[in-house]
Amino acid sequence: MAAITSTPAPLLHSTVLDWYEANARDLPWRTADASPWAVMVSEFMLQQTPVKRVLPAYAAWLERWPTPADLAADAPGEAVRMWGRLGYPRRALRLHAAAVAITEQHGGRVPDDHAALLALPGVGEYTAAAVASFAFRQRHVVLDTNVRRVFARAVTGVEYPAQATTAAERRTATEYLPATAETAATWAVGVMELGALVCTARSPECGACPLRGHCAWQRAGRPPYEGPARRGQSYEGTDRQVRGKLLAVLRDAHGEVAQERLDAVWPEPVQRARALDGLVADGLAEPVAPGVYRLPQ
DNA sequence: TAAGCGTGGCC
DNA sequence: TGGCCAAGCTT
């Protein structure tokens, strides 16, 4: 293992835990009365969407659907509408499907078992570990983009992690995971918070970092990233942009939408048709008659 | 495995 | 200004 091993793990743990206690943001899904369902809703919304934009959507969502059964009883299209402009609306569909599965297969209670969580729609390795850890205080490796970046810097000594999660990363994170469940759960959220607030992607505040005396990247003089070019996210002119425009019309409509209103959002007919077909294939739009669409019922 | 999938804010 | 990034998942 890399240079950070010069620091005993218990010291590292208390360093991060102390920092977290003093600097943690006051987020609604972290309060003692946040239900497992609330934690799960927050995790779905936070997949690729910043905290600031999630906050109001999270509150409105739980106000309307305080339990999985409440959401399951409503139409998936309502979930898509409530999702608003959070982006990646398939997450809304999957959260609805997860609520149905929880209602039908788990007695309406979010399962506390990692494997059962992983089996739910829209729940991958990260989200399963996050819900099990944050909501049920279990011991899991919680490896998100923040944690990966902190380990890349502090342990490996490079500015950014690889594009895809590697077995070596998982091994490192496992080695540093505190032995006690409760401590591990706080460590997980603490490292994430450190990555989100201090060890940020573009302008890390190393001067304010509790790990600066233990950080391999700092010790190496903070060398810039040298790996292959990181994949960008083009958007302008893509099908994604067209899908977004089409779905915005469907979302804002009360019921059925005529083809002409969809046609108005994008001039190029081939791409427009492909995007609409994609929405239908994904279950985000529903044809009700030739040339008439709506959100899924 | 790598590409596809929204949206907005920041430097 | 515009590329980069944001608590990923699915195929």
Side-chain angles (χ1 to χ4, degrees), chain A residues 20 24-25 27-30 34 38-58 80 83-95 97-98 117-135 140-150 159-167 173 185 188-197 199-205 225 228-251 265 271 274-275 277-279 281-285:
Chain A
Y20 181 72
R25 286 169 294 180
L27 299 172
W29 45 86
R30 288 180 183 165
V39 172
M40 176 175 269
V41 169
S42 79
E43 290 302 335
F44 268 76
M45 291 185 168
L46 288 164
Q47 292 169 0
Q48 301 283 280
T49 302
V51 167
K52 184 177 180 181
R53 285 173 50 212
V54 164
L55 285 168
Y58 168 87
V80 174
W83 198 255
R85 304 191 66 81
L86 288 180
Y88 292 148
R90 292 191 292 198
R91 290 181 292 166
L93 233 35
R94 289 171 183 153
L95 182 51
L117 286 164
L118 194 55
L120 295 171
V123 176
E125 182 56 46
Y126 161 76
T127 302
V131 172
S133 181
F134 304 156
H140 293 281
V141 169
V142 180
L143 213 48
D144 80 322
T145 189
N146 292 300
V147 175
R148 294 185 64 217
R149 190 173 53 248
V150 171
E159 186 176 19
Y160 297 116
Q163 286 202 188
T165 306
T166 64
V189 72
V191 177
M192 278 179 65
E193 191 77 336
L194 187 62
L197 298 183
C199 192
T200 60
R202 271 180 286 191
S203 49
E205 299 179 50
Y225 177 77
R230 291 182 294 161
R231 178 167 45 103
Q233 310 172 348
S234 57
Y235 184 65
E236 204 64 30
T238 62
D239 286 7
R240 238 193 298 191
Q241 183 184 22
V242 184
R243 288 167 56 108
K245 287 178 178 297
L246 291 170
L247 196 60
V249 173
L250 293 170
R251 241 184 358 240
V265 306
Q271 187 180 27
R274 186 172 64 230
D277 286 348
L279 290 175
D282 286 347
L284 285 165

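Only heavy atoms go into these numbers, but all of them, side chains included; no hydrogens, no water, no symmetry mates. Below, chain A is the first sequence line, B the second, and so on; all start at residue 1.
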Legend entry - Distance in angstrom units between A:Tyr126 OH and C:dC9 P, rounded: 8 Å
Inset, instruction - Locate the shortest heavy-atom distance separating A:Pro161 from A:Arg148; write the atom from each residue and the value. - result: CB-NH2, 3.7 Å
Inset, instruction - Determine yes or no for a side-chain-to-main-chain donor-acceptor pair under 3.5 angstrom, with A:Arg251 supplying the side chain and A:Gly84 the backbone. - result: yes
Inset, instruction - Pick base, sugar-phosphate or nothing for A:Trp83, based on heavy-atom distances below 4.0 Å to the nucleic acid. - result: nothing
Legend entry - Integer-rounded Å distance: C:dC4 C1' and A:Glu236 CD: 15 Å
Legend entry - d(CZ, A:Phe44; C1', C:dT10) in whole Å: 12 Å
Inset, instruction - Could you check whether A:Leu27 gets within reach of a base, just the sugar-phosphate, or nothing at all, counting any heavy atom under 4.0 Å? - result: base
Pairs of donor and acceptor atoms involving the side chains of residues 140-147 of chain A, under 3.5 Å and at least two apart or interchain, shall be tabulated with distances.
{"unit_1": "A:His140", "atom_1": "NE2", "unit_2": "A:Gln138", "atom_2": "OE1", "d": "2.8"}
{"unit_1": "A:Asp144", "atom_1": "OD1", "unit_2": "A:Asn146", "atom_2": "N", "d": "3.2"}
{"unit_1": "A:Asp144", "atom_1": "OD1", "unit_2": "A:Val147", "atom_2": "N", "d": "2.8"}
{"unit_1": "A:Asp144", "atom_1": "OD2", "unit_2": "A:Asn146", "atom_2": "N", "d": "3.4"}
{"unit_1": "A:Asp144", "atom_1": "OD2", "unit_2": "A:Asn146", "atom_2": "ND2", "d": "3.0"}
{"unit_1": "A:Asn146", "atom_1": "OD1", "unit_2": "A:Arg149", "atom_2": "NH2", "d": "2.9"}
{"unit_1": "A:Asn146", "atom_1": "OD1", "unit_2": "A:Ala196", "atom_2": "N", "d": "3.4"}

Inset, instruction - Name the nucleic acid region contacted by A:Glu125, choosing base, sugar-phosphate or nothing; use a 4.0 angstrom heavy-atom cut-off, strictly under. - result: sugar-phosphate
Inset, instruction - For A:Val123, answer base if it contacts any base atom (sugar-phosphate contacts may also be present), sugar-phosphate if it contacts only those atoms, and nothing otherwise; contact means non-hydrogen atoms under 4.0 Å. - result: sugar-phosphate
Inset, instruction - Remember a base hit wins even if backbone is also touched, and classify A:Leu247 as base, sugar-phosphate or nothing at under 4.0 Å, heavy atoms. - result: nothing
Inset, instruction - State whether A:Tyr235 places a side-chain N or O below 4.0 Å from either non-bridging phosphate oxygen (OP1 or OP2) of B:dT7. - result: yes
Legend entry - Distance in angstrom units between A:Leu55 CG and C:dA6 P, rounded: 17 Å
Inset, instruction - Considering just the side-chain nitrogens and oxygens of A:Gln48, establish if one lies under 4.0 Å of OP1 or OP2 belonging to C:dA6. - result: no
Legend entry - B:dC5 and C:dA7, which share atom name P, separated by this distance in whole Å: 22 Å
Inset, instruction - Mind checking A:Ala130 for me? I need base, sugar-phosphate or nothing, with any heavy atom below 4.0 Å counting as a touch. - result: nothing
Legend entry - Side-chain N or O of A:Arg53 closer than 4.0 Å to phosphate OP1/OP2 of C:dA6: no
Legend entry - A:Trp29 side-chain proximity, nearest of C:dC5, C:dA7, B:dG6: C:dA7
Legend entry - Under 4.0 angstrom between A:Arg251 side-chain N/O and B:dT7 OP1 or OP2: yes
Inset, instruction - Starting at atom CG of A:Leu117, determine the distance to atom C1' of C:dG8, rounded to an integer number of angstrom. - result: 15 Å
Inset, instruction - Would you indicate, yes or no, if C:dA7 has its OP1 or OP2 atom less than 4.0 angstrom from a side-chain nitrogen or oxygen of A:Thr49? - result: no
Legend entry - Nearest-0.5 Å distance that lies between atom CZ in A:Arg240 and atom OH in A:Tyr88: 4.5 Å
Inset, instruction - May I ask you to say what A:Thr200 touches in the nucleic acid, namely base, sugar-phosphate or nothing, with a heavy-atom cut-off under 4.0 Å? - result: nothing
Inset, instruction - Pick the P atom in C:dT11 and in B:dG6, then give their distance to the nearest Å. - result: 14 Å
Legend entry - Value in whole Å for how far the C1' atom of C:dG8 lies from CE of A:Met40: 14 Å
Inset, instruction - Mind checking A:Arg85 for me? I need base, sugar-phosphate or nothing, with any heavy atom below 4.0 Å counting as a touch. - result: sugar-phosphate
Inset, instruction - Could you tell me whether A:Arg149 contacts a base, only the sugar-phosphate backbone, or nothing, with contacts defined as non-hydrogen atoms closer than 4.0 Å? - result: sugar-phosphate
Inset, instruction - Say whether, by atom type as modelled, one donor and one acceptor occur between the side chain of A:Ser42 and the main chain of A:Trp29 under 3.5 angstrom. - result: no
Inset, instruction - Classify the side-chain pair A:Glu43/A:Tyr126 by whether it contains a donor and acceptor separated by less than 3.5 Å. - result: yes
Legend entry - Comparing A:Gly124 and A:Pro50 on DNA chain C - which has the more 5′ nearest nucleotide: A:Pro50
Legend entry - Pairwise 5' ranking along DNA chain B for A:Gly244 and A:Ala164, keeping only the more 5' one: A:Ala164
Inset, instruction - Examine C:dA6: is either OP1 or OP2 under 4.0 Å from a nitrogen or oxygen in the side chain of A:Arg91? Give yes or no. - result: no
Legend entry - Spacing of A:Gln163 atom CD relative to C:dA6 atom C1', expressed in whole Å: 16 Å
Inset, instruction - May I ask you to evaluate whether A:Arg90 reaches the phosphate of C:dT10, defined as a side-chain N or O under 4.0 Å from OP1 or OP2? - result: no
Inset, instruction - Could you check which of C:dA7, B:dC5, C:dC5 has an atom nearest any side-chain atom of A:Ala201? - result: C:dC5
Legend entry - Residue met sooner reading DNA chain B from 5', once A:Arg202 and A:Asp282 are mapped to nucleotides: A:Asp282
Inset, instruction - Could you give the distance separating B:dA3 and C:dC4 at their P atoms, to the nearest angstrom? - result: 15 Å
Inset, instruction - State whether the distance check finds a donor on one side and an acceptor on the other, under 3.5 Å, for side chain A:Arg94 versus base C:dT10. - result: no
Inset, instruction - Mind checking side-chain contact (heavy atoms from CB on, under 4.5 Å) for A:Glu205 and listing every partner two or more places apart, or none if nothing turns up? - result: A:Val198, A:Ala208
Inset, instruction - Could you state the atom-to-atom distance from CE of A:Met192 to C1' of C:dG8 in whole Å? - result: 11 Å
